[in-house]
Amino acid sequence: AMQAPAPLMKSPSGPAERVEERTIFRRLVDLAMPIVGLNVLSVITLAVDTAMCGRLIDAEESLTALGFAGQLIFLLMVAMLGLTVGTVAFISRAHGARQSERINHVLHQSILLTYLVSIAVAVVGNLTAGLIMEWLGAEDSVRDLAVGYLRPLLTLTVFFYLNMLFAAALRAVGNTMLPFVIALFSNLLNILLNYGLILGGFGFPALGVRGAAWGTVISQAVAVILMVLILRRGAVYGVRAHMGPAKIDHPLARDLFRIGAPAALDMLVLNIAFLSVVGMLARVAQVAVAAHGIGLRVQSLAFVPGLGVAQAIGAMVGNALGGGREQEARQVVFGGIKLSTAIMSFLGLSIVFGAEPIVWIFDVDPASELGRYSILWMRILGWGMPIVGVHIALIGMLRGAGATNTSLMINIIGTIVIQVPLSWFLGFVVGWGAFGIWVAVPISFVVRLFLGIHAYRRGDWAREGASI
């Protein structure tokens with residue numbers, strides 16, 4: 001029988017429960033930290049690539065091309081995100097129930113589906129890349145650079161997707177260190193290759209922006225080969241990487257996308273909100289759009305630890321529910337909320353009180369109009385981060401339990417129903433300008449927070465998770 005939903009922030013009371021809670025908290029930290037490291041590596045490598053392209057003769061056009069191409073790459077990530085979320089939900093359940101055969105069946109089927117998604121993205125992406133760049137407003141010279149950068153990434157996107165899949169699958173069985181170590185090696189290789197292929201170092205041909213793409217693809221391919229070899233040697237107990245052809249398990253494929261599709265739609269909703277905010281800021285002042293971009297670079301790095309904790313929560317919740325341990329799943333959520341909120345609060349306060357020095361890092365004078373807008377936006381972000389910490393943890397719980405429809409509805413209400421209309425109302429009707437547009441963002445997270453608490457207390461997430 002299912003236990004009655006417990007209050008959200010009620011800590012276990014007995015000595016044995018407190019000991020178990022501390023053990024779960026340590027496991028959560030151990031699982032989350034390599035995920036955080038993995039995500040930080042990706043951000044740093046992207047920054048290094050950008051810096052190298054900034055040293056090219058046509059630096060301005062090259063960086064603009066990377067900006068346009070990045071928007072398409074983000075959209076293409078959505079295609080794979082749904083599959084990885086579904087894979088984590090099913091493999092974590094199987095791991096919690098100690099069903100090794102089931103783990104390998106789900107992983108093999110996910111690999112086969114990754115092949116199919118990669119082929120579709122490669123074909124459609126290559127056929128439409130130039131047209132999409134034009135739709136986004138790229139000039140001819142920039143469009144050509146962007147398409148030249150995208151061709152290798154689109155054609156060989158299978159390596160990018162397989163790396164995403166393996167990291168997700170191993171996270172579901174509690175191993176985040178192996179993906180981190182492989183990513184550390186492949187990212188260092190990526191930096192060296194990009195130095196050679198972008199700028200012509202080490203005797204390589206200087207390919208410019210295209211060199212950045214080839215360096216990335218080669219390092220991703222090396223990472224996949226290393227992962228497969230290591231898994232086949234039995235480095236992770238009970239997990240094997242079967243890469244060969246097999247018959248598609250259609251019921252399982254439907255279930256994987258049934259769980260994963262709402263998570264992919266989540267990303268699309270967030271992207272729509274991002275574009276709407278940029279559009280509104282452009283009506284206030286072009287410099288506010290530039291400030292928004294600076295703030296988002298800070299945000300992307302600051303959110304990495306919280307997102308890492310959320311992914312760890314998802315894996316551990318899935319393990320607990322797969323083993324029929326609902327109370328343990330609740331303790332994971334409780335510990336995850338504390339960890340995520342503490343980290344995000346510390347980072348938020350650091351941004352609030354360090355906004356002026358951070359602006360200087362971007363070579364922007366804090367006293368200039370761009371500097372003032374940037375500091376305003378970063379401080380709004382910083383004060384809202386403790387709320388985001390709780391929200392992220394609860395979304396991790398819902399995704400790990402397979403209750404992705406619930407997380408999607410929370411996001412739709414918070415973004416489409418609250419944030420976008422409120423940004424317009426405060427920015428233009430009330431007349432607060434950029435401040436009003438931006439302040440609607442943390443307000444919307446307050447709404448998301450209460451919806452997440454309601455979902456937790458209702459307990460449907462635990463029942464959905466147990467029934468997968």
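Here the structure is a predicted model, which is why all the values come from computation and not from measurement.
The closest donor-acceptor contact from the side chain of S345 to the backbone of A342 lies at 3.5 Å or more, if one exists at all. In this structure, the side chain of S444 does not engage the main chain of Q419 through any donor-acceptor pair within 3.5 Å. In this structure a side-chain-to-backbone donor-acceptor pair under 3.5 Å is present from T176 to L31. A distance-only check finds no donor-acceptor pair linking the side chain of S92 to the backbone of A172 [under 3.5 Å]. Looking at W461, its side chain does come within 3.5 Å of a backbone N or O of Y456 through a donor-acceptor pair. In terms of modelled atom types and a separation under 3.5 Å, the side chain of N175 and the main chain of L170 share no donor-acceptor contact. In this structure, the side chain of D49 does not engage the main chain of I191 through any donor-acceptor pair within 3.5 Å. No donor-acceptor pair closer than 3.5 Å links the side chain of R55 to the backbone N or O of A51. Counting only distance, with no hydrogens or angles, the side chain of S219 and the backbone of T216 share a donor-acceptor pair below 3.5 Å. Judged by distance alone, with hydrogens and angles left aside, the side-chain atoms of S276 form a donor-acceptor pair with the main-chain N or O of A273 at under 3.5 Å.
Put simply, the side chain of H292 does not reach to within 4.5 Å of the side chain of I437, judged on heavy atoms. Using a 4.5 Å heavy-atom threshold, the side chains of M177 and P34 count as touching. The side-chain heavy atoms of M344 and F303, taken from C-beta on, include a pair separated by under 4.5 Å. Side-chain contact check for F445 versus V441: some heavy-atom pair is nearer than 4.5 Å. Annotation: side chain of F166 is not in contact with side chain of P179 (no heavy-atom distance under 4.5 Å). Side-chain contact between W214 and L156: present, with at least one pair of heavy atoms (C-beta onward) separated by less than 4.5 Å. The closest side-chain heavy-atom distance from T114 to M80 is below 4.5 Å.
Annotation: the span from H391 atom NE2 to I337 atom CD1 amounts to 12.0 Å, rounded to 0.5 Å. The line from CD1 of I395 to OG of S407 is 5.0 Å long, rounded to the nearest 0.5 Å. In this structure, the separation between CE on M397 and CE on M316 is 14.5 Å, given to the nearest 0.5 Å. In this structure, CE on M133 lies 5.5 Å from CG on L150, to the nearest 0.5 angstrom. Between I24 atom CD1 and R330 atom CZ the span is 13.0 Å, to the nearest 0.5 Å. In this structure, CE on M378 lies 9.5 Å from CD on E356, to the nearest 0.5 angstrom.
The shortest non-hydrogen separation linking S340 to G306 is OG-CA, 4.2 Å. The shortest heavy-atom contact between L398 and A455 is CD2-CB, 4.4 Å. Between V304 and V36, the closest heavy-atom pair is CG1-O, 3.6 Å. Among all heavy-atom pairs drawn from L381 and G295, the shortest one is CD1-O, 3.7 Å. Nearest heavy-atom pair across L370 and A290 is CD1-CB, 3.7 Å. Considering every non-hydrogen atom in both A329 and V317, the closest pair reads O-CG2, 4.0 Å.
Tested against V209 for a side-chain contact (heavy atoms from CB on, under 4.5 Å), the candidates I198, D58, L56 yield a single pass: L56. Residue R399 is tested with T404, D266, T406 for a side chain to side chain donor-acceptor pair (under 3.5 Å); the sole match is D266.
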Would R143 and E61 satisfy salt bridge (charged side-chain N to carboxylate O under 4.0 Å, His left out), going step by step from the backbone distance to the final call?
CA-CA 9 Å; R143 179 203 62 200; E61 287 186 338; over 6 Å; no
What do the steps show when you test M77 against Y161 for side chain to side chain contact (heavy atoms under 4.5 Å, CB included), and what is the final call?
CA-CA 8 Å; M77 272 184 61; Y161 285 177; 5.6 Å; no
Does I91 form a side chain to side chain contact (heavy atoms under 4.5 Å, CB included) with R171? I'd like the steps, not just the answer.
CA-CA 9 Å; I91 289 182; R171 181 168 73 244; over 6 Å; no
Go through the steps for F180 and L41 under the test side chain to side chain contact (heavy atoms under 4.5 Å, CB included), then give the verdict.
CA-CA 9 Å; F180 171 70; L41 280 176; 3.9 Å; yes
List the steps and the verdict of side chain to side chain contact (heavy atoms under 4.5 Å, CB included) for M280 and V284.
CA-CA 7 Å; M280 283 186 258; V284 173; over 6 Å; no
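No side-chain donor from either of S42 and N187 sits under 3.5 Å from a side-chain acceptor of the other. Side-chain N/O atoms of T415 and R448 include a donor and acceptor closer than 3.5 Å.
Using cut-offs of 30° and 60° for the angle between ring planes, the W438 and W377 rings count as parallel.
A cation-pi geometry, defined here as NZ or CZ lying under 6.0 Å from the six-membered ring centre and within 45° of its normal, does not hold between R210 and Y149.
Using a cutoff of 4.0 Å between basic side-chain nitrogens and carboxylate oxygens, R27 and D30 are not scored as salt-bridged.
Remark: E134 CD is packed, more than 12 non-hydrogen atoms of other residues, nucleotides or ligands lying under 6.0 Å away. Counted within 6.0 Å of CZ on F428, heavy atoms from surrounding residues, nucleotides or ligands total more than 12; the atom is thus considered enclosed. When the shell of 6.0 Å around CG of L127 is examined, it contains more than 12 heavy atoms from other residues, nucleotides or ligands.
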